[in-house]
Amino acid sequence: RVDQTSFLARFEREAREAFRLNHPNIVRPIDLDTSGAIHFIAMEYVDGVDLHARVKQAGPLGDREAADYVRQAALGLHPAHEEGLVPRDIKPANLLLDRHGIVKILDFGLALARSDDDDDEAASLTQEHDEKVLGTADYLAPEQARDSHVADRRSDIYALGCTLFYLLTGRAPFAKGSIAERIQAHMKRPPPNLLEERGDVPPAIAELYFRMLEKHPDARPQT
């Protein structure tokens with residue numbers, strides 16, 4: 001898709017913005033380069049497996065393990081948010097677990113640079129190409145489903161709450177139906193009761209999950 005300006009510009013902007021971040025819970029980019037018609041980002045190698053594959057292979061995680069992985073992802077998200085970057089595609093497949101138990105966030109390809117809003121070119125990259133909904137349907141915050149350009153750090157927190165549910169149950173909160181039906185579920189249906197699925201989960205974790213999946217961003221944890 002290098003002939004499509006929107007995708008190439010977003011790809012190059014992802015690299016530039018990722019270089020601003022240096023955190024143990026974020027996969028570190030090393031270089032941005034081209035080889036003929038091929039554009040690429042060289043990144044640190046993470047010897048491990050993503051959390052989606054981990055659950056598929058080994059089944060749902062224990063509550064302490066799941067909470068620790070979500071905590072690490074939150075630690076990585078915080079400096080990105082503080083820099084004005086909203087990844088917008090937090091999901092188990094984008095969280096890599098290395099062999100030392102460290103979780104690293106992969107893929108800022110959909111990152112929205114809030115600090116670039118005054119830059120017409122950067123702010124309009126996706127709007128000009130009518131790419132209104134960006135993200136993965138199973139982990140998509142309601143406001144992001146309506147318009148991905150209004151997504152902020154609280155949209156990532158919603159996606160992280162969906163990820164917590166997946167780690168504990170082996171499925172996303174609204175995993176049934178077509179993409180359109182799943183998006184509608186995020187917007188209108190109450191989240192499934194985590195304690196009905198996993199009665200062994202401490203109430204405090206279940207309460208946090210429900211807060212993370214509040215429909216309105218103001219009702220969620222704000223950082």
Side-chain angles (χ1 to χ4, degrees), residues 25-27 46 48-78 80 86-98 101-110 133-145 148 151 153-215 217 220-221:
N25 297 116
I26 298 176
V27 176
V46 179
V49 65
D50 69 71
L51 292 183
H52 181 269
R54 169 71 182 269
V55 170
K56 287 297 182 187
Q57 293 167 3
L61 306 179
D63 57 86
R64 285 180 176 272
E65 189 177 19
D68 178 49
Y69 295 162
V70 167
R71 179 189 67 87
Q72 291 190 55
L75 288 173
L77 277 174
H78 186 69
V86 183
R88 296 192 294 175
D89 199 20
I90 297 299
K91 58 186 177 183
N94 278 345
L95 300 177
L96 300 183
L97 176 68
D98 75 12
I102 304 299
V103 169
K104 293 176 178 283
I105 301 172
L106 173 72
D107 191 2
F108 278 66
L110 301 182
V133 176
L134 294 169
T136 303
D138 285 336
Y139 303 90
L140 198 65
E143 69 277 7
Q144 190 172 340
S148 63
R153 67 170 73 198
R154 300 168 300 177
S155 306
D156 287 339
I157 289 171
Y158 181 97
L160 195 57
C162 293
T163 296
L164 174 61
F165 185 88
Y166 174 85
L167 298 181
L168 290 168
T169 68
R171 65 178 179 85
F174 304 109
K176 294 182 180 179
S178 66
I179 290 178
E181 288 170 337
R182 281 179 274 162
I183 289 175
Q184 281 296 310
H186 281 291
M187 296 170 71
K188 297 180 178 179
R189 283 175 47 197
N193 190 335
L194 179 58
L195 290 176
E196 289 181 359
E197 305 259 350
R198 286 284 301 268
D200 61 318
V201 170
I205 291 181
E207 179 186 355
L208 178 61
Y209 151 77
F210 279 118
R211 289 179 57 215
M212 295 172 85
L213 262 68
E214 287 282 358
K215 302 298 183 190
R220 297 174 205 148

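Source: prediction; values computed, not measured.
Between the D63 side chain and the V201 main chain, no donor and acceptor come within less than 3.5 Å of each other. Checked by atom type and distance alone, the side chain of R198 pairs as donor or acceptor with a backbone atom of L168 at under 3.5 Å. Side-chain atoms of R220 come within 3.5 Å of backbone atoms of E214 as a donor-acceptor pair (strictly under, hydrogens ignored). Between the side chain of K215 and the backbone N or O of R189 there is at least one donor-acceptor pair closer than 3.5 Å. E181 places a side-chain N or O within donor-acceptor distance of the main-chain N or O of S178, the cut-off being under 3.5 Å.
Atom CD1 in I157 sits 8.0 Å away from atom CG in L77 (nearest 0.5 Å). If you take CD1 on I90 and OG1 on T163, they are separated by 7.5 Å, rounding to the nearest 0.5 Å. Summarising the geometry, atom CZ belonging to R54 is positioned 13.0 Å from atom CG belonging to L96; distances are rounded to the nearest 0.5 Å. Rounding to the nearest 0.5 angstrom, the gap separating the CD atom in E143 from the OG atom in S155 is 3.5 Å. To the nearest 0.5 Å, atoms CG (D156) and CG (D89) are separated by 9.0 Å. Between the CG atom of L95 and the NE2 atom of H52 there is a distance of 12.0 Å, given to the nearest 0.5 Å.
With ring centers used as reference points, H186 lies under 6.0 Å from Y158.
The two residues A137 and I183 have their closest heavy-atom pair at CB-CG1, 4.2 Å.
Here D98 does not pair with K104 in a salt bridge; the nearest charged N to carboxylate O distance is not below 4.0 Å.
Counting heavy atoms from C-beta outward, R153 and H78 have side chains that approach closer than 4.5 Å. The shortest side-chain heavy-atom distance between F174 and P192 falls under the 4.5 Å cut-off.
For Q72 and D68, the side-chain atoms include at least one donor-acceptor pair closer than 3.5 Å.
A perpendicular orientation is assigned to the rings of Y139 and Y166, their planes being inclined by more than 60° (bins at 30° and 60°).
Across I205, L208, L75, L164, a single residue satisfies side chain to side chain contact (heavy atoms under 4.5 Å, CB included) together with V70, and that is L164.
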